[in-house]
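Since the structure comes first, as structure tokens, the remarks are kept for the end.
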Amino acid sequence: MNRRMPLIAGNWKMHKTGSQAVEAAHELKSRIASAQNVEVMVAPTFTALFQVAQILKGSNIAVGGQNLHWEHQGAYTGEISAEMLTDAGCSHVIIGHSERRQYFGETDETVNKKIKAALNSHLIPFFCIGESESERESGNTFSVLDKQVRDGLNGFTFDGQANLVVAYEPVWAIGTGKTASREQAQEAHQFIRGLLENLFGKAFASAVRILYGGSVKPDNVKALMEMPDVDGALVGGASLDPETFSKLVFLITNCSNFKDDNPCQSF
Ligand code: PEP
């Protein structure tokens, strides 16, 4: 069985000016310096990427974009390419976030093209999927996830190298204060891993990290991380305060390094 390193990512969304992002990056860097057996990523706004990446260079915190366009360059006002992200210092990129699907016309087809562009530029995509409240209530959670995964990853081949991260983010839990129960999260993650195994084989499915996102906070992260298929968290609101986000990083570190044979320690 593969051993999966826990991963926590902070999505700063459209928050923080350049100077505020710089301040947060300095604070995070010193607070998280001693964290081990965990991967950490932050995704600032585009205007702060370069400065934040300079500050975090050589640290244990990676930097990611919040979106990209699939073309290399061209007349696409307001867009940013994979190459521009890597040039700014990014190693990761969030793709298909529900806010982009909901407000900016992101579809499974554009997500597919964006993942392809990211992988071609050696950026690790955080592929976001998740059902809405009405889809869950009508019993369609698994069919929605099934379609998002199949269409988003259509045409790809993956080997045992998990250069993709999946983020399961139930839309009803994002920014609402409602978190999926640990059982709901595990059920969805297990379903997604099973589907990835059918599509790409066991080696890939057992290596790929599946993060939970949706109102993750210091008081609920441990319960989620105890579940066998939850490999970390994609955090919005609680990532904006460096003190709270570092608390999450250390809780995850203590909780479940290397999923299969080190279960969560109790505090
Ligand atoms: C997110 O935006 O990916 C997210 C999970 O937000 P929040 O933690 O605020 O629910």
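Worth saying up front: this structure is predicted, and the values here are computed from it rather than measured. Just follow the structure's listing: the first ligand is 1, and inside any ligand the first atom is 1.
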Could you tell me whether [X] and [Y] make a salt bridge, using a distance below 4.0 angstrom between a side-chain N and a carboxylate O?
X: Glu197; Y: Arg193; result: no
X: Asp108; Y: Arg101; result: yes
X: Glu23; Y: Lys16; result: no

### Task
Determine whether the side chains of Thr179 and Asn220 contain a donor N or O and an acceptor N or O closer than 3.5 Å.
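Yes, side-chain donor-acceptor contact under 3.5 Å.
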#### Entry: Plane angle bin for Phe200 and Phe158 - parallel if under 30°, tilted between 30 and 60°, otherwise perpendicular
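Rings of Phe158 and Phe200: perpendicular, as their planes differ by over 60°.
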### Message
Using 30° and 60° as the class boundaries, would you call the ring planes of His189 and Tyr168 parallel, tilted or perpendicular?
### Response
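Rings of His189 and Tyr168: perpendicular, over 60°.
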### Query
Around ligand 1, what residues show up once you keep those with a heavy atom under 4.0 Å from it?
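Residue list for ligand 1: Asn11, Lys13, His97, Glu169, Ala173, Ile174, Gly175, Gly213, Gly214, Ser215, Leu234, Val235, Gly236, Gly237.
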